[in-house]
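To start, the structure under review is shown below, and the notes come after it.
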There are 2 protein chains.
Amino acid sequence: MSAKTRPTAQQLSTLVKLMELGAGGSDARVSSSTLGEVLGLSQQAASKRLIELERAGLVRRTHSGRGLTVALTPPGRRAVLVHYGELKQIIEGRSRPMLFAGKVFTGLREGAYYVSLKGYAAHFRSSLGFVPFPGTLNLRLAAPSQVVQRAQLNLLRGIEVPGFEDGRRTYGPVKCFRAEVAGKLPGAILVIERTHYDDSVLEVIAPVNLREALGLKDGDGCQVSVLFD
Amino acid sequence: MSAKTRPTAQQLSTLVKLMELGAGGSDARVSSSTLGEVLGLSQQAASKRLIELERAGLVRRTHSGRGLTVALTPPGRRAVLVHYGELKQIIEGRSRPMLFAGKVFTGLREGAYYVSLKGYAAHFRSSLGFVPFPGTLNLRLAAPSQVVQRAQLNLLRGIEVPGFEDGRRTYGPVKCFRAEVAGKLPGAILVIERTHYDDSVLEVIAPVNLREALGLKDGDGCQVSVLFD
DNA sequence: ATTACTAGTGTACGAGTAG
DNA sequence: TCTACTCGTACACTAGTAA
């Protein structure tokens, strides 16, 4: 069920082929003979690989009629994205900034709640050089490539801000990436490890109230560059 | 020596690790035990993989003192880039245009020679919808990420223009990508299969003389979008 | 038509060790 | 030290075939 161990090279290449066959997002009809063909394997070997991937929690198989449908699970997709991210860094280098563009919206104020917690303040100051304004600027990313790029942030190291306890409950560690907002203001992207990601949202923090400083209201466009090292 | 057959998933992952260890560009000291460690294998298995990769023509091994240095060969680098390009297309989609920006320069007029050949004209017309002006606009790409992007074009399918003979010699097939020059003029990128690539150069062709139409001279900047569909 | 069992086989691995 | 040989084993593959 779990996916703690790194997938093997063969598992990874199988997952990639499955994505190519359309099983990346939702279910796709993938016969074991088709899969075998694209992988250069027998039908039997392809069937076995699918079973192994299911046991590793990386795909979901459903028997439907006279065939089966396959879909990557979130850990399966994550494995491919991690691989892609590593490859990208090796090939393209890690120095270029990531550019994001989205529209301002009012979120659930969950990020705002986190950054307002006293237990994080000292670490924000020492890691980022500022204590964030108690609120986040939420940007909704529209373009699919922007969402993919945002998903990469989940997998990159970033600046770790450790968690803490306040006696009542435990607050997990959060992660930041230094950023430049609207081409001028220093700030950071906040990435909270959640059970359920929404990678179409970028949460921006800064020493000041960004909405005021930039005169932004819901629906306005805003650009952010994420800077590395 | 040759590399006609596709590398296996394991060969590919080994090549990627080797690049990560610095053997992508030039030679790097890579001990078989280090390689084994990062691959989760024994020293012996890593050694065997390196030997296999050398037999496949994907790496070059040189015994030096009490160790060895390893470097990927051009086919080895190519294999990794092909893999990366495929993955990129699967994950990020193939619909987005590639943006290029470079500076105009006067090349060796090799591309100009090719497009002026009568034997290609008919195919250019049917594939691209125009017969190119007998000359190319050469752009020198400066940013490393632009060069990487340019290298991807070598590996993508593109629009094939078949080769021909004129009795004296054989002219190989060339490859094009539809493009938009300076945000307005229709044209194409010309990719000639050469023994020695220079991926920092973009050769642009169009139905008109682009230098005249855009009033460009050497050293001027010019943007080109490569379009896919 | 499918999937996936069983049996047999090739091969990639780790251990030991020589150069 | 290093690389890389041989050997024995474990496993992933193909073929055949049942459901």
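Numbers restart at 1 for each chain; the letters A, B, ... are given by sequence-line order, proteins then strands.
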Subject >> Partners meeting side chain to side chain donor-acceptor pair (under 3.5 Å) with Gln43(A) (sequence neighbours left out) >> reply: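 Per chain and number, Gln43(A) pairs via side chain to side chain donor-acceptor pair (under 3.5 Å) with Ser32(A).
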
**OP:** Please list, chain by chain and in numerical order, all residues satisfying side chain to side chain donor-acceptor pair (under 3.5 Å) with His123(B), sequence neighbours excluded.
**Re:**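 Partners of His123(B) under the side chain to side chain donor-acceptor pair (under 3.5 Å) test: none.
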
Original post:
Contact class for Arg29(B) vs. all strands (heavy atom < 4.0 Å): base, sugar-phosphate, or nothing?
Top reply: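 Since no nucleic acid heavy atom lies under 4.0 Å of Arg29(B), the category is nothing.
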
**OP:** Give Ser31(A) one of three labels, base, sugar-phosphate or nothing, depending on what nucleic acid heavy atoms sit under 4.0 Å from its own.
**Re:**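 Result for Ser31(A) = sugar-phosphate.
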
Subject >> Any residue meeting side-chain contact (heavy atoms from CB on, under 4.5 Å) with Thr106(A), in chain and number order, not counting sequence neighbours >> reply: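 Once residues adjacent in sequence are excluded, the partners of Thr106(A) under the side-chain contact (heavy atoms from CB on, under 4.5 Å) criterion are Arg211(A), Asp218(A).
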
Original post:
Between Phe164(B) and Tyr120(B), what is the ring plane arrangement, given parallel below 30°, perpendicular above 60°, and tilted in between?
Top reply: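 If you compare the ring of Phe164(B) with that of Tyr120(B), the planes turn out perpendicular.
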
Could you list the protein-to-nucleotides 11-15 of chain D atom pairs, N/O on both sides, closer than 3.5 Å?
{"unit_1": "dC13(D)", "atom_1": "OP1", "unit_2": "Arg49(A)", "atom_2": "NE", "d": "3.1"}
{"unit_1": "dC13(D)", "atom_1": "OP1", "unit_2": "Arg49(A)", "atom_2": "NH2", "d": "2.6"}
{"unit_1": "dT14(D)", "atom_1": "OP1", "unit_2": "Ser42(A)", "atom_2": "N", "d": "3.0"}
{"unit_1": "dT14(D)", "atom_1": "OP2", "unit_2": "Ser42(A)", "atom_2": "N", "d": "2.9"}
{"unit_1": "dT14(D)", "atom_1": "OP2", "unit_2": "Ser42(A)", "atom_2": "OG", "d": "2.3"}
{"unit_1": "dA15(D)", "atom_1": "N7", "unit_2": "Gln44(A)", "atom_2": "NE2", "d": "3.2"}

Would you say the side chains of [X] and [Y] form a donor-acceptor pair under 3.5 Å?
| X | Y | value |
| --- | --- | --- |
| Arg29(A) | Thr69(A) | no |
| Arg150(B) | Ser200(B) | no |
| Thr73(B) | Arg60(B) | no |

Subject >> Rounded interatomic separation in angstrom, taking CD1 from Ile51(B) and P from dT3(D) >> reply: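 Rounding to the nearest Å, CD1 of Ile51(B) and P of dT3(D) are 10 Å apart.
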
Subject >> Met19(B) versus Gly24(B), closest heavy-atom pair with distance >> reply: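 Heavy-atom minimum between the residues: CG-CA, 3.7 Å.
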
Original post:
Centres of the Phe130(A) and Phe124(A) rings: under 6.0 Å?
Top reply: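 Phe130(A) vs Phe124(A): aromatic centres not under 6.0 Å.
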
Original post:
First and last nucleotide of DNA chain C in contact with chain A, 5' to 3', at under 4.0 Å to a heavy atom: what are they?
Top reply: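 Counting from the 5' end, contacts occupy dT2(C) to dC5(C).
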
Subject >> Arg49(B) bridged to Glu52(B) by N-O distance under 4.0 Å >> reply: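 No, no charged N to carboxylate O under 4.0 Å.
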
**OP:** Give the angle between the helix axes at the two ends of the helix from dT2(C)-dA19(D) to dG19(C)-dC2(D), taking five base pairs at each end and rounding to 10°.
**Re:**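 Answer for the end axes of this duplex: 40°.
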
